[in-house]
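Scroll down for the structure; my scribbles are underneath it.
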Amino acid sequence: MRANPGMAYAHSGTGTTPHLGAELLFRTLAKVEATPVAFGPAQAATAVLANQAPIGSSSLPPALPLIREGRVRPIAVAGAERDPKLPDVPTVAEQGFPGFAASTWFGLFAPARQSAEALARLATEVPRAMADPELKARLATLSLTDPGLAGAATADVVRREAQIWAEVVRSSGATAD
């Protein structure tokens, strides 16, 4: 990318984790100029396959079939750890960008004035649901895991993530449409 400033990269939509993760990696950490090209959800890997972009940033579920068929080559995974579905593919951090991690995560939130009883019930029922083997298997197909965070730990993650990604959004110039 340094040899080809402004090289295009495909991603699955402005503001998505694949887009902002690539911006963090290219612009902020690697200090290279790259041109983001938004494709529809789940289409970044097919854009690379069709030679519409030389490189792409995609979530794993839509790219995995193309990887397994040998039609696209994975360079790195963006998570903090290697993905069990691609154990031989190193993380971005392992390839010279220590501390890099860009993952989609989901949280369960309640109104600030939610009753203590409702919060206590959620604190009991959510872990019970997350322990269900069928749900765990389905989440694994989407490369999602349960970190088991609750309460203050979740609030800490939200604060940390908001700080990191707010700066990436600003520097990328991404705007809500």
Side-chain angles (χ1 to χ4, degrees), residues 1 7-30 32 34-109 130 134-149 154 157-158 160-177:
M1 293 184 98
M7 185 170 87
Y9 73 89
H11 63 80
S12 58
T14 302
T16 61
T17 302
H19 170 229
L20 296 177
E23 286 292 307
L24 174 61
L25 174 60
F26 300 146
R27 216 178 277 279
T28 306
L29 300 176
V32 296
T35 303
V37 181
F39 287 83
Q43 295 179 346
T46 55
V48 171
L49 179 65
N51 290 319
Q52 295 172 311
I55 191 169
S57 179
S58 174
S59 58
L60 186 56
L64 193 57
L66 298 174
I67 293 167
R68 287 189 172 149
E69 293 166 7
R71 298 173 73 194
V72 296
R73 183 171 58 100
I75 297 169
V77 295
E81 298 175 2
R82 290 185 182 207
D83 192 286
K85 291 179 197 65
L86 299 171
D88 296 331
V89 178
T91 66
V92 170
E94 288 176 301
Q95 294 203 37
F97 299 95
F100 178 92
S103 301
T104 300
W105 60 271
F106 301 91
L108 182 61
F109 298 89
M130 295 303 291
E134 190 174 317
L135 178 60
K136 280 185 170 189
R138 176 64 181 134
L139 291 174
T141 66
L142 300 171
S143 295
L144 298 173
T145 58
D146 175 19
L149 300 176
T154 301
V157 168
V158 170
R160 185 183 74 242
E161 293 281 301
Q163 182 179 7
I164 291 167
W165 297 109
E167 182 53 37
V168 174
V169 169
R170 272 191 295 280
S171 70
S172 76
T175 60
D177 293 342

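When reading the values below, keep in mind they use all heavy atoms of this one structure, side chains included, and skip hydrogens, waters and symmetry mates. Since we're looking at a predicted model, the values are computed, not measured.
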How are the rings of F26 and Y9 set to each other: parallel, tilted or perpendicular (split at 30° and 60°)? perpendicular
Exam field: side chain R82 to backbone P87, donor-acceptor pair closer than 3.5 Å: yes
Evaluate the side-chain proximity of M7 to I55: yes if any heavy-atom separation is below 4.5 Å, no if none is. yes
Inspect the surroundings of CD in E69 and state if more than 12 heavy atoms from other residues, nucleotides or ligands are less than 6.0 Å away. yes
What pair of heavy atoms forms the shortest contact from R27 to A34, and how long is it? NH2-O, 3.8 Å
Please check if the side chain of Q163 supplies one atom and the backbone of R160 the other of a donor-acceptor pair under 3.5 Å. no
Find the distance between OG (S58) and CG (L64) and round it off to the nearest 0.5 Å. 10.0 Å
Is E161 atom CD crowded by more than 12 heavy atoms from other residues, nucleotides or ligands, each under 6.0 Å away? yes
For the side chain of Q52 and the backbone of V37, is there at least one donor-acceptor N/O pair under 3.5 Å apart? no
Do V89 and D83 come close enough that some side-chain heavy atom pair is under 4.5 Å? no
Atom pair CG (L24) and CD (E167), whose distance is rounded to the nearest 0.5 Å: 10.0 Å
Nearest heavy atoms of E94 and T91, plus distance in Å: OE1-N, 2.7 Å
Would you call L139 and M130 a side-chain contact if the rule is heavy atoms closer than 4.5 Å? yes
Between the side chain of E23 and the main-chain N/O of L20, is any donor-acceptor distance below 3.5 Å? no
Closest heavy-atom pair and its distance - A8, P54: O-CD, 3.4 Å
Minimal non-hydrogen separation, S12 against A42, with atom names: CB-N, 3.9 Å
Give a yes or no answer on whether the side chain of K85 reaches the backbone of A140 with a donor-acceptor pair at less than 3.5 Å. yes
Heavy-atom donor-acceptor pair, S57 side chain to P18 backbone, under 3.5 Å: yes
To check you understand the geometry: which heavy-atom pair defines the closest contact between S103 and T17, and what is its length? C-CG2, 3.8 Å
Are the side chain of T46 and the backbone of Q43 linked by a donor-acceptor contact shorter than 3.5 Å? yes
Could you tell me whether the side chain of P90 reaches within less than 4.5 Å of the side chain of V77, counting heavy atoms only? no
Rounded to the nearest 0.5 Å, how far does CZ of R71 lie from CG of L49? 4.5 Å
Would you say the side chain of W105 lies within less than 4.5 Å of the side chain of V158, judging by non-hydrogen atoms? yes
Any chance you could measure S59, atom OG, to H11, atom NE2, to the nearest 0.5 Å? 13.0 Å
Specify the closest pair of heavy atoms between G56 and V48, including all atoms of both residues, with the distance to one decimal. N-CG2, 3.4 Å
Taking the side chain as C-beta and beyond, is there a heavy-atom pair between T104 and T16 under 4.5 Å? no
